[in-house]
Participant: 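Have a look at this one before I ask anything.
What you are looking at is a predicted structure, and each value in this text was computed from that prediction instead of being measured.
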Amino acid sequence: MNSDHTYFTISINPQHSNSELSVLFGGEGKPVPLHKNGPAVYDYYLIHTVLSGEGTFEMQNRTYRCAAGDSFIIYPGELFSYVADADQPWHYTWVAFTGRAAGMLLSHIGISLQHAVIYGSNSRVIRHHYRRIRSCFRQSDHPALEDLESAGWLRLLLRELGQTNSHRLSVKPVTETEIDRQIGQAIRYLELQYTQSVSIEELARNLGYHRTYLCKMFKQSTGLAPMQYLFKIRMERAKQLLETSMTIDQVASSVGFNDALYFSKQFRKWTGAAPSVYRKELKA
């Protein structure tokens, strides 16, 4: 038992990871009245969520009073301190993490140095995610897999915090119409599915529009019919792949053509040169 806590548990990730998001450790504790951490600086991100009781968190010359359901976030390299209340010391749970995407993910859920506290989350759901993070470690002979699992639960935790903090999240412009949103979704679909057999009828059905209406609005927005837009995506990607050592058959298959000869004819129509000629011109 930690002498400064009436309850204390911690789980540490044994895997050293350089991934975009990795949990370092997680824990839960009930500190004694007026127990204080800091002033100090950490070299990782650390989120605490208060399960009961109260306390005070300070960072960037700001003071936050936190109670059950509130979460506060410590940033690496930032001087901080936090102290348990004298009468109702908090019971909290925490997770420390690092990674190339950590700061970006926090900004996506409305967290910043200027807004480092989220108020009023669903502590039951949050506590479940924290527990799952802690339970990941030393459960198998494969710490790399435990690292992946804990990062997944951390993402779910961040999602839940973001839902609570939704008033700070960016929203789509009020000028965007429903059809604009749907056309954007159709474009995104084509950009991701160009390697597959694409049916405009199925796309229209998924978006809830008649094929004719979707094609009309799509062309009005982009200047191209959906199949023309898809063809453009495929040809531009093919040009990129022809800069590699891939065969013409491999390039054709990678951009959604099962027939390499047909692909070559279509590519020539688009660029004015057959794929093999285009590749030679690139090397000239």
Participant: Given Val117 and Ser71, is the side chain to side chain contact (heavy atoms under 4.5 Å, CB included) satisfied, shown in steps?
Facilitator: CA-CA 6 Å; Val117 173; Ser71 300; over 6 Å; no
Participant: Could you identify which residues cluster with Leu79, counting Ile, Leu, Val, Met, Phe, Trp and Tyr as linked when any side-chain heavy atoms lie under 4.5 Å apart, either directly or through a chain of such contacts?
Facilitator: Val41
Participant: Would the Phe25 and Tyr44 ring centres measure less than 6.0 Å apart?
Facilitator: yes
Participant: Please answer whether the main-chain N or O of Pro76 pairs with a side-chain N or O of Asp43 as donor and acceptor at a distance below 3.5 Å.
Facilitator: no
Participant: Donor-acceptor check, side chain of Gln15 to backbone of Asp147, threshold 3.5 angstrom: yes or no?
Facilitator: no
Participant: Please list all pairs passing the salt bridge (Lys or Arg N to Asp or Glu O under 4.0 Å) test where one or both residues lie in residues 14-27, with sequence neighbours left out.
Facilitator: Glu20-Arg155
Participant: Just so I know, are the side chains of Met217 and Ile183 near enough to count as touching, which here means a heavy-atom distance under 4.5 Å?
Facilitator: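 A side-chain contact exists here, since the closest heavy-atom pair is under 4.5 Å.
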Participant: Considering residues at least two apart in sequence or located in another chain, which fulfil the side-chain hydrogen bond (donor to acceptor under 3.5 Å, both in side chains) criterion with Ser52?
Facilitator: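 With neighbours one apart ignored, the set is empty.
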Participant: Could you state whether Leu261 and Trp270 fall into the same hydrophobic cluster, counting links through intermediate Ile, Leu, Val, Met, Phe, Trp or Tyr residues with side-chain heavy atoms under 4.5 angstrom apart?
Facilitator: no
Participant: Considering only heavy atoms from C-beta outward, does the side chain of Leu46 approach that of Tyr75 to under 4.5 Å?
Facilitator: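 Not touching, per the 4.5 Å side-chain cut-off.
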Participant: Under 3.5 Å, is there a donor-acceptor pair between the side chain of Asn13 and the main chain of Val23?
Facilitator: yes
Participant: Report yes or no: do Phe8 and Val83 belong to one cluster of Ile/Leu/Val/Met/Phe/Trp/Tyr joined by side chain heavy-atom distances under 4.5 Å?
Facilitator: no
Participant: Sequence neighbours excluded and cut-off under 3.5 Å, please list the side-chain donor-acceptor pairs for residues 94-101, or say none.
Facilitator:
{"unit_1": "Arg100", "atom_1": "NH1", "unit_2": "Asn18", "atom_2": "O", "d": "2.5"}

Participant: Identify, with sequence neighbours excluded, every residue that meets ring-ring contact (aromatic ring centres under 6.0 Å, His included) alongside His142.
Facilitator: none
Participant: Count I, L, V, M, F, W, Y as connected when their side-chain heavy atoms are under 4.5 Å apart, and connections chain through other members. Are Leu192 and Leu207 then in the same cluster?
Facilitator: no
Participant: Show which side-chain atoms of residues 219-235 pair as donor or acceptor with protein atoms under 3.5 Å away, not counting sequence neighbours.
Facilitator:
{"unit_1": "Thr222", "atom_1": "OG1", "unit_2": "Phe218", "atom_2": "O", "d": "2.9"}
{"unit_1": "Thr222", "atom_1": "OG1", "unit_2": "Leu224", "atom_2": "N", "d": "3.1"}
{"unit_1": "Thr222", "atom_1": "OG1", "unit_2": "Leu224", "atom_2": "O", "d": "3.0"}
{"unit_1": "Gln228", "atom_1": "OE1", "unit_2": "Ala225", "atom_2": "N", "d": "2.8"}
{"unit_1": "Arg234", "atom_1": "NE", "unit_2": "Tyr194", "atom_2": "O", "d": "2.8"}
{"unit_1": "Arg234", "atom_1": "NE", "unit_2": "Val255", "atom_2": "O", "d": "3.1"}
{"unit_1": "Arg234", "atom_1": "NH2", "unit_2": "Tyr194", "atom_2": "O", "d": "3.2"}
{"unit_1": "Arg234", "atom_1": "NH2", "unit_2": "Gln196", "atom_2": "O", "d": "2.8"}

Participant: Hey, what do you get for CD1 (Ile118) to CG (Leu161), rounding to the nearest 0.5 Å?
Facilitator: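 Here the rounded value is 4.5 Å.
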Participant: Measure the shortest side-chain to side-chain distance between Arg237 and Ser254 over non-hydrogen atoms and say whether it is less than 4.5 angstrom.
Facilitator: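 They are not in contact (no side-chain heavy atoms under 4.5 Å apart), so the answer is no.
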Participant: Are side-chain N/O atoms of Gln185 and Arg188 paired as donor and acceptor at under 3.5 Å?
Facilitator: no
Participant: Check whether Thr164 reaches the backbone of Glu160 with its side chain - one donor and one acceptor, N or O, closer than 3.5 Å.
Facilitator: yes
Participant: With a 4.5 Å heavy-atom cut-off, do Pro275 and Val251 have their side chains touching?
Facilitator: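 Side-chain contact under 4.5 Å: no.
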Participant: Taking it one step at a time, do Ser81 and Asn37 satisfy side chain to side chain contact (heavy atoms under 4.5 Å, CB included)?
Facilitator: CA-CA 5 Å; Ser81 66; Asn37 281 335; over 6 Å; no
Participant: Looking only at the side chains, is there a donor atom on one of Tyr7 and His91 sitting less than 3.5 Å from an acceptor on the other?
Facilitator: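 Their side chains do not contain a donor-acceptor pair, so the 3.5 Å distance test is not met.
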Participant: Which pairs count as ring pair (Phe, Tyr, Trp, His ring centres under 6.0 Å) when at least one residue sits in residues 239-266, sequence neighbours excluded?
Facilitator: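 Qualifying pairs, neighbours excluded: Phe257-Tyr262, Phe257-Phe263, Phe263-Phe267.
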Participant: Show which residues join Leu148 in its hydrophobic cluster (side-chain heavy-atom contacts under 4.5 Å, direct or indirect), or state none.
Facilitator: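 Members besides Leu148, by chain and number: Leu145.
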Participant: To the nearest 0.5 Å, what is the distance between NZ (Lys269) and OG (Ser264)?
Facilitator: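 Rounded to the nearest 0.5 Å, the NZ-OG separation comes out at 12.5 Å.
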Participant: Are Leu34 and Val50 connected in a single hydrophobic cluster, I mean Ile/Leu/Val/Met/Phe/Trp/Tyr linked by side-chain heavy atoms less than 4.5 Å apart?
Facilitator: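 In one cluster with Val50: Leu34, no.
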Participant: What pair of heavy atoms forms the shortest contact from Asp87 to Asp85, and how long is it?
Facilitator: N-OD2, 2.9 Å
Participant: Main chain of Ala67, side chain of Asp70: is a donor-acceptor contact present, judged purely on distance under 3.5 Å?
Facilitator: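 Checked: pair present.
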Participant: Leu242, Val277: one ILVMFWY side-chain cluster at the under-4.5 Å cut-off?
Facilitator: no
Participant: How long is the span from the CG atom in Asp4 to the NE2 atom in His35, to the nearest 0.5 Å?
Facilitator: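 Reported value, rounded in 0.5 Å steps: 4.0 Å.
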Participant: Can you give the donor-acceptor pairs under 3.5 Å from side chains of residues 125-133 to other protein atoms, not counting sequence neighbours?
Facilitator:
{"unit_1": "Arg127", "atom_1": "NH2", "unit_2": "Glu28", "atom_2": "OE2", "d": "2.7"}
{"unit_1": "Tyr130", "atom_1": "OH", "unit_2": "Thr49", "atom_2": "OG1", "d": "2.8"}

Participant: Any side-chain heavy atom of Thr93 within less than 4.5 Å of one from Leu51?
Facilitator: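 Yes; the side chains approach each other to less than 4.5 Å.
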Participant: Going by salt bridge (Lys or Arg N to Asp or Glu O under 4.0 Å), name the residues that satisfy it together with Glu202, two or more places apart in sequence or in a different chain.
Facilitator: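 Glu202 satisfies salt bridge (Lys or Arg N to Asp or Glu O under 4.0 Å) with no residue once adjacent residues are dropped.
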Participant: Just by modelled atom types, is the Gln250 backbone N or O under 3.5 Å from a matching donor or acceptor in the Ser253 side chain?
Facilitator: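 No; zero donor-acceptor contacts below 3.5 Å.
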Participant: Of all residues at least two apart in sequence or in a different chain, which pass the salt bridge (Lys or Arg N to Asp or Glu O under 4.0 Å) check with Lys30?
Facilitator: none
Participant: Does the side chain of Ile12 reach to within under 4.5 Å of the side chain of Leu24, using non-hydrogen atoms?
Facilitator: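 Side-chain contact under 4.5 Å: no.
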Participant: Do Arg279 and Ile248 have side-chain heavy atoms sitting under 4.5 Å apart?
Facilitator: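 They are in contact (side-chain heavy atoms under 4.5 Å apart), so the answer is yes.
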Participant: Would you say the side chain of Leu105 lies within less than 4.5 Å of the side chain of Ile111, judging by non-hydrogen atoms?
Facilitator: no
Participant: Testing the basics here: between Asp249 and Ala260, what is the closest heavy-atom pair and its distance to 0.1 Å?
Facilitator: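 Closest approach of Asp249 to Ala260: OD1-CB, 2.8 Å.
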Participant: Using the ring of each side chain (for Trp, its six-membered ring), is Phe80 parallel, tilted or perpendicular to Tyr82, with breaks at 30° and 60°?
Facilitator: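 The arrangement is parallel - the two ring planes meet at less than 30°.
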Participant: Between Ser22 (side chain only) and Ser19 (backbone N and O only), is there a donor and an acceptor less than 3.5 Å apart?
Facilitator: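 Side chain of Ser22 to backbone of Ser19: no pair is present.
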Participant: Carefully, step by step, assess Ile74 and Tyr45 under the rule side chain to side chain contact (heavy atoms under 4.5 Å, CB included).
Facilitator: CA-CA 6 Å; Ile74 296 168; Tyr45 295 91; over 6 Å; no
Participant: Run the side chain to side chain contact (heavy atoms under 4.5 Å, CB included) check on Thr9 and Arg134 step by step: do they pass?
Facilitator: CA-CA 9 Å; Thr9 184; Arg134 296 198 304 275; 4.2 Å; yes
Participant: Look up atom CG in Asn206 and atom CD in Glu201, then write down how far apart they are to the nearest 0.5 Å.
Facilitator: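 Answer rounded to 0.5 Å: 11.5 Å.
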Participant: Using a 3.5 Å cut-off and no angle test, enumerate the donor-acceptor pairs between side-chain atoms of residues 54-64 and protein atoms at least two apart in sequence or in another chain.
Facilitator:
{"unit_1": "Glu54", "atom_1": "OE1", "unit_2": "Arg65", "atom_2": "NH2", "d": "3.0"}
{"unit_1": "Thr56", "atom_1": "OG1", "unit_2": "Arg65", "atom_2": "NH1", "d": "2.9"}
{"unit_1": "Gln60", "atom_1": "NE2", "unit_2": "Glu78", "atom_2": "OE1", "d": "3.0"}

